[in-house]
Structures are given as structure tokens and as C-alpha cells.
There are 2 protein chains.
Amino acid sequence: MAGSRPTIGDVARAAGVSKGTVSLAYSGKRPVAEETRRRVFAAAESLRWTASSSAQALATSRTSTIGLVIARRPEIIATDTFFPRFIAGCEAVLARAGMGLMLNVVASEEDETAAYERYAAGRVDGVILLDVQQGDRRPKLVRELGLTSVMLSAEAPRDDSPTDVPVVYTEDAAAIGELVDLLVEDGHTSIAHVSGPLRYVHAAARHNAFIAAMTSHELPADRLVEGDFTAASGRDATAGLLDASDRPTAIVYANDVMAIAGLSFARSTGLRVPEDLSVTGFDDSELSAHLSPGLTSVSTGADVRGAVAADTLLAALRGEADASVLVDGTVVVRRGSIAPPPRP
Amino acid sequence: MAGSRPTIGDVARAAGVSKGTVSLAYSGKRPVAEETRRRVFAAAESLRWTASSSAQALATSRTSTIGLVIARRPEIIATDTFFPRFIAGCEAVLARAGMGLMLNVVASEEDETAAYERYAAGRVDGVILLDVQQGDRRPKLVRELGLTSVMLSAEAPRDDSPTDVPVVYTEDAAAIGELVDLLVEDGHTSIAHVSGPLRYVHAAARHNAFIAAMTSHELPADRLVEGDFTAASGRDATAGLLDASDRPTAIVYANDVMAIAGLSFARSTGLRVPEDLSVTGFDDSELSAHLSPGLTSVSTGADVRGAVAADTLLAALRGEADASVLVDGTVVVRRGSIAPPPRP
DNA sequence: AGAACGGAGCAAACCGGTTTGACTGCTCTC
DNA sequence: GAGAGCAGTCAAACCGGTTTGCTCCGTTCT
């Protein structure tokens, strides 16, 4: 019983052929007689044999695994609904391709480097880079380590982008523009923005898009607060904004968690939402639809992005097209959290 | 100069020793002269050599990786804040031990079985079983596949537990009891419970604890609704409870997301929280502290549980103690969402 | 009829580590 | 001074697959 798993040699013996033939019967890299193939498969099945992936990895130098390093503080990982959805999307694609996903959550830059080095030591074939920053060091790092990679971004890659890493991106700017348009149409002129950490490309993209949208309406974009995507920072930023003598009548938050915390804080000071203050979020978590009022947000299809990122990485691993790809899934979802501003 | 990574043979040559000596210098399984060891390390460093984990895995039949299969619908994964925190906790321990974490998100039972079979084919050494159900088939499955495992639970393992899998558990019952005590002390007598899917051991544990607590106060435990942990189910369950002619004055939810959705729904019908209705959650997500009113909840230390689960699994892999371990980190956090019931 | 060709399969080398039996000096004992 | 014991090292076997050079055989072409 149990003990050790059968090896390809056991299967070969049972089928009366050589190891090489068993391997070829499965890979099809050379013709194998139909009848032989059947004998091999039958033998494998009765022995319940599956190829050892360690041995396969050693022989082919491909691990059938891709890696994902998440470098964020635990509080943020805990509340941000992006990661789980993104990972679920990846998985759907990877599982179909027989690939595995290796995950690492790191706290420091050294840990991050160490994680990529372990990856390169024959643990994964490629990686997906999340939370890209301006002048991110990782594309260079992973290339030097010999890992294929794909980056996620919130804007089209610039022509002068220094790397040849394929980019999977959304166009967050357009969605932010739409949100601002909605608010301006409702009559708002004093609109604030609470961004994520601006070192992130995605946070900066939304931040810049907000400024551009306000400017295009000839409104001042001077109420800008940098948050960090946590509920706590959403509350603090909101407190600061509402404290001013001429408080804004609407706040555009860079994610839902900050928006919900901000909304709650505003209410606790006696303001009504949306009558006295309109708020919008970003990323449309499931909870947002079930609040009262519902939170106006931007659905970005995190799972789709995960799937596309995985697909793109698999293609890159096959040596195919390195082109960047736009994931066009951002949809503004209007709910009860916005309304015309109060009369002065 | 990319090309191929150096091998142990290159290091051996550079240091003027044999492959075996290099290996022994690193593993220390046999004595190696101090001076030789230094030469080997120096050579390895200058060649930037790291052992190939595929080769290591093949030679030792240990992969230095553990696996985690998450079998939940994407909506739930997206909102539940438990997984990310749990994983971050695991990772902290695993990284320190040089182990990797392989993650799989599956949609069906076949996919789940397939995932464990891939694991067993030399991808991971052991697995952590989450969301254990009554009569769960996985302990048996993974044992047959030759994988070491650890289970997470919300109650002490019964004596007659059919398996010898170590269990890492919290005692959710005590926390639920405390919540009920708080509400009863405030004068509530009509308290409802919205549970998670009762096939899960953790959901059932909280559900049963609720009934026991109510009974011990000689109150009827007859307002029980089974939800599924999503915001949508929290709202629906709440709608059903509040629709009754004698609506409850307090609702104990099995997680925060359902509680927040329920709270929002109640408000949208004109009820005030906590004046007209008290609500409590479970798992204490970061957001809960920043709502207004803050959500009374139970902090369960998901990250600590992750760390302990990882530690326990590593111990099991070393062949050490299979004992079950209690993670004593549940703390009831009282916030503004509960208050005495309205006078009739 | 002989050459050329391609399908089928075997045996052996290889991937990059780990493990172990055997050998060499050396020191320590009696 | 012979034997025991041990630190230190090497060479070779091994882990379980994949890949390739070569042989064997039957068919087709000229």
C-alpha cells in the first residue's frame, strides 16, 4: 500500500515498453503507434500514475507555475477587495492550463527581492507584477533573474516605457472623468479627491485624471488629499476636508473602503449623504451595492484583469506576442450616494 | 549575460572540490573542513549560485512548498476579509522557513480534487484545509494522496474525530456567548441570528453557540436565518427578519459583511441603529471600526491563525507532535452598534 | 532488385541536485 | 608498532522524468 508513488518506469514495465515511449505517448513529440499508446495509458491508469512535477521541472526546466508577490501592509491586503478577485480570475485561467500559482506576501523590499530570487531558482516560470510604481525596479530585477513577466497598470504604457514587459492595463482616467462629469452635471463645483499613495501608478493615474477632469470643466482641482487605501486614512482625509470653512460638496475617493469610511465619518458629524455631501468610490466591491445609500463606484472587473494577465503571461511564456493589452471593463455604477449639492 | 544559471558542478569546479562536498558544505550533514567550506561559499557567491529547487525537490522528494485550496464562490472570496489576512499570517511564517505557498481557487468539487492530485504529484509537501465541513471528505483524500495536512476549525476537535489530522482551532462559541450576554444585559430579549452556510463547521459552531447562549438565558432561539456570508444574503436575511410583526431588537450576524449590509438595510427602512436595532458582526474587519456607528464585532486574529496553522503544518512535516492547538485570540470589541432596545 | 524513406521503439545521456560506500591520512590507544 | 577511530573528501549511484541517436522494419520509388 501507499509507500511511494509509481514512476514512469513502473508504467513502462507494465505496458511492456521503454520509459521513453511512455513519455512520448503523453507528449506526442514523436509518433507512437495507436495500439501502444492505448496500452501505455491503460497501464498508467491502473497504476494511478501521474508524472512527478519535480522530475518534469528538472528535465524541462519549466515549472508550470507562476508567481505573484504582494508587497502591501496586512491592513491593506485585508480590506482591499481587489486581490482576492484578481487572484480568482488568474486561477480560472491557470487551472485550465494546468499551471499553478505561487503566492508571496512580503513586508519589506529585501523580502521582496528574496522572494523573486527564490522564484528564479527554479520555482516559477514567470511573474505578474502588481502595484507598479514610477520607475519600478522590478521589471529590471526579474529580467536579470531570467523570469518572464507581465505588469498591471491603470493607464496605457508610454511610448518611452523603458522595458519590453507586456502591460495589461485599464483606463482608469476615463472612469474618473465620467464620475466628475456626473457630479458637475448635478451642479457640484467644489469637489475633492482622496487618492491612494501617489507612488503607485494606478493611484497617480486616478489622481491626475481627477485634476484633468476638473480642469476641463474649468473648476479648481485644489482639494487633493493623499490617502493609503485604508479605512482609517479615508476617515482622516475626510475629517480634514470637512473641517475647512468651505467644505467640498462632493468627494471622489480612489477606492471603496476609503469612501465608505469617509461616508460614515461625514454622517457622524451630522451631514446627510447624499443631500449634504456626495461621495464616490472606486472598484465597486460587493458591499457597496448593499449600503444605504448605495455607493456610486467604478466597476473595474478585477477578475477579468486577473484572467487577462494570466493569459498574457502564458502567451509570453510560449514566446508569443509581447504586446500590451487593454482590459476594457471599467463601468461607472451610479447609486444613491450622489445627488445635487445643497443650496447655499 | 543571462544564459543559464550556474550549477553545483560549476561551483565545485571553481572551489576545486567535488559536487558532493559542495552539497555537504551547505547541508552540514557530514563534517567539512572549515577552510574548504569557506572556499565553497566564496565560489558560490562569486558565481551567484543558488541551488535549483527543482533538482532539490527531485533528489529529496520534498518541495519546500505548501498548498492552500480555496473552494468558495468568487463573490465571497472578494468580500470576506478572512482569507487575505490568513494568508498574510501564513506567509510570515513560511517565508522565514524558506517555504513557498501555492494557492488554488476552485469552483467545483472536481476542480478541488484535481488540485489536490496535482499537489500530490510532487508540487507541495502539505496542505492546510479551510472551511471544513461536517464529514469533510478532504482529510481522507489528502491522506490517501500522501499529503500531510492541518485543518482549521472553530471548535475543539471532538474525541471521536475520525482522523488524526492536527486541528488549529478557535473557540467561537465563547465569543458568541459574550455577544449574547452583552445584548441581554442591555435588556434585549428578542435576538436573531444570521448564520453562514451551516454545512461549514465554523458557521455551525457559531449557530449552535448562539442557540446555547440564548437558551442559557432562558430566551427563545427561534429567529435563525441561514445566510451565505455575502452582503446580498445579509440584506435579504435582514429584510426577512424585520418584516415580521414582532421584529427582533438585535441581530447577531456571523460575519461583518452581512452585518454591515444588514445595518444599512435596516436604516433604509427608517430604523435607527443602535436606538431601534442593535447589530453585531464577526471577524472584525478594518472597516468595521470606521463606520458610524462602529460595528460591534469579534476580532479573531486571522493572521495569527494563519501563522499558527503554518507552524503546525511545518511541525507535522518534520514529523513532530500531531497535537491540536487552540488559538486563543478571539476578543469581543464593543462599539456603537449596540444599545438597549427601545421601550415598547 | 536496390535505394531511399519514414514510422516505431529502445537505450543511454541528461537535467542538477543529494546520499552513501570507500579511501586516505592522521591521531590516539594499548 | 599495529590497530582502531575519525575527519575529510571523492566518485558513483540515484531521484523520475525528457530528449536524442540509432536500429529495425516495412513501404514506396526508380
Side-chain angles (χ1 to χ4, degrees), chain A residues 3-41 43-44 47-65 98 118 120-125 146, chain B residues 3-41 43-44 47-65 98 117-125 146:
Chain A
S4 45
R5 300 165 45 81
T7 74
I8 198 173
D10 299 330
V11 175
R13 202 169 315 117
V17 297
S18 71
K19 293 198 313 175
T21 302
V22 174
S23 179
L24 292 172
Y26 275 90
S27 71
K29 299 212 168 172
R30 279 208 203 168
V32 168
E34 186 50 36
E35 201 252 318
T36 308
R37 181 195 314 278
R38 262 197 293 275
R39 274 215 320 283
V40 169
F41 287 176
L47 267 60
R48 319 206 74 239
W49 174 79
T50 325
S52 146
S53 31
S54 320
Q56 234 160 0
L58 179 58
T60 62
S61 42
R62 318 194 104 263
T63 58
S64 296
T65 301
R118 278 212 302 278
R123 278 174 166 301
V124 311
D125 298 329
Chain B
S4 43
R5 298 166 46 81
T7 74
I8 198 174
D10 299 331
V11 174
R13 203 168 315 117
V17 298
S18 72
K19 294 199 310 176
T21 301
V22 174
S23 180
L24 292 173
Y26 274 90
S27 71
K29 298 212 169 173
R30 279 210 204 167
V32 168
E34 188 48 38
E35 201 252 318
T36 309
R37 179 194 315 278
R38 262 197 292 275
R39 276 216 318 284
V40 168
F41 287 177
L47 267 60
R48 319 204 75 240
W49 173 79
T50 325
S52 146
S53 30
S54 321
Q56 232 159 5
L58 178 58
T60 60
S61 41
R62 316 194 107 261
T63 60
S64 296
T65 301
E117 277 168 358
R118 279 212 301 278
Y119 280 177
R123 278 172 167 297
V124 311
D125 298 330

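This one's a predicted model, so the numbers in the text were calculated from it and none came from an experiment. All values below were derived from every heavy atom in this structure, side-chain atoms included, with hydrogens, water molecules and symmetry-related copies excluded. Letters go in sequence order (proteins before strands), and every chain restarts at 1.
- Side chain of Ser54(B) to backbone of Gly122(A): a donor-acceptor contact under 3.5 angstrom is found.
- Shown here for Arg118(A) and Arg123(A), the closest heavy-atom pair between the two residues is O-CD, 3.3 Å.
- For Thr21(B) and Leu24(A), each mapped to the nucleotide of DNA chain D holding its nearest heavy atom, the one lying further toward the 5' end belongs to Thr21(B).
- Note on Val22(A): nothing from the nucleic acid sits closer than 4.0 angstrom, heavy atoms only.
- Note that CD of Gln56(B) and OG1 of Thr50(B) are 10.0 Å apart. Values are rounded to the nearest 0.5 Å.
- Per the geometry, CG belonging to Leu47(B) stands 14 Å off P belonging to dG16(C), to the nearest Å.
- The NZ atom of Lys29(A) sits 19 Å away from the P atom of dA8(C) (whole-angstrom rounding).
- Contact detail for Ser18(A) and Ala12(A): the closest heavy-atom pair is C-CB, 3.7 Å.
- Counting any heavy atom pair closer than 4.0 Å across all strands shown, Ser52(B) reaches sugar-phosphate atoms only and no base atom.
- Note that OG of Ser53(A) and CG of Leu58(B) are 10.5 Å apart. Values are rounded to the nearest 0.5 Å.
- We find that Glu34(A) and Arg37(A) are joined by a salt bridge, their nearest charged nitrogen and carboxylate oxygen being less than 4.0 Å apart.
- Within the 4.0 Å cut-off from OP1 or OP2 of dT18(D), at least one side-chain nitrogen or oxygen of Gln56(A) is found.
- Across the protein-nucleic acid pair, Tyr26(A) atom OH and dG16(D) atom P stand 17 Å apart, rounded to whole Å.
- Of the residues in residues 30-38 of chain B, Arg30(B), Pro31(B), Val32(B), Ala33(B), Thr36(B) come within less than 4.0 Å of DNA chain D through at least one heavy atom, sorted by number.
- Listed here is the closest heavy atom pair of Leu47(A) and Val11(A): CD2-N, 4.0 Å.
- The shortest distance between the side-chain N/O atoms of Trp49(B) and the OP1/OP2 oxygens of dG17(C) is below 4.0 Å.
- Contact detail for Thr63(A) and Ala57(A): the closest heavy-atom pair is CA-CB, 4.3 Å.
- Summarising the geometry, atom CD1 belonging to Ile8(A) is positioned 11.5 Å from atom CZ belonging to Arg13(A); distances are rounded to the nearest 0.5 Å.
- Rounded to an integer number of Å, the gap from CD1 of Ile8(B) to P of dG17(C) is 5 Å.
- Protein atom CZ of Arg5(A) is 10 Å distant from nucleotide atom P of dG16(D), rounded to whole Å.
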Between protein and nucleic acid, restricted to nucleotides 13-15 of chain C and to nitrogen or oxygen atoms under 3.5 Å apart, what atom pairs and distances do you find?
none

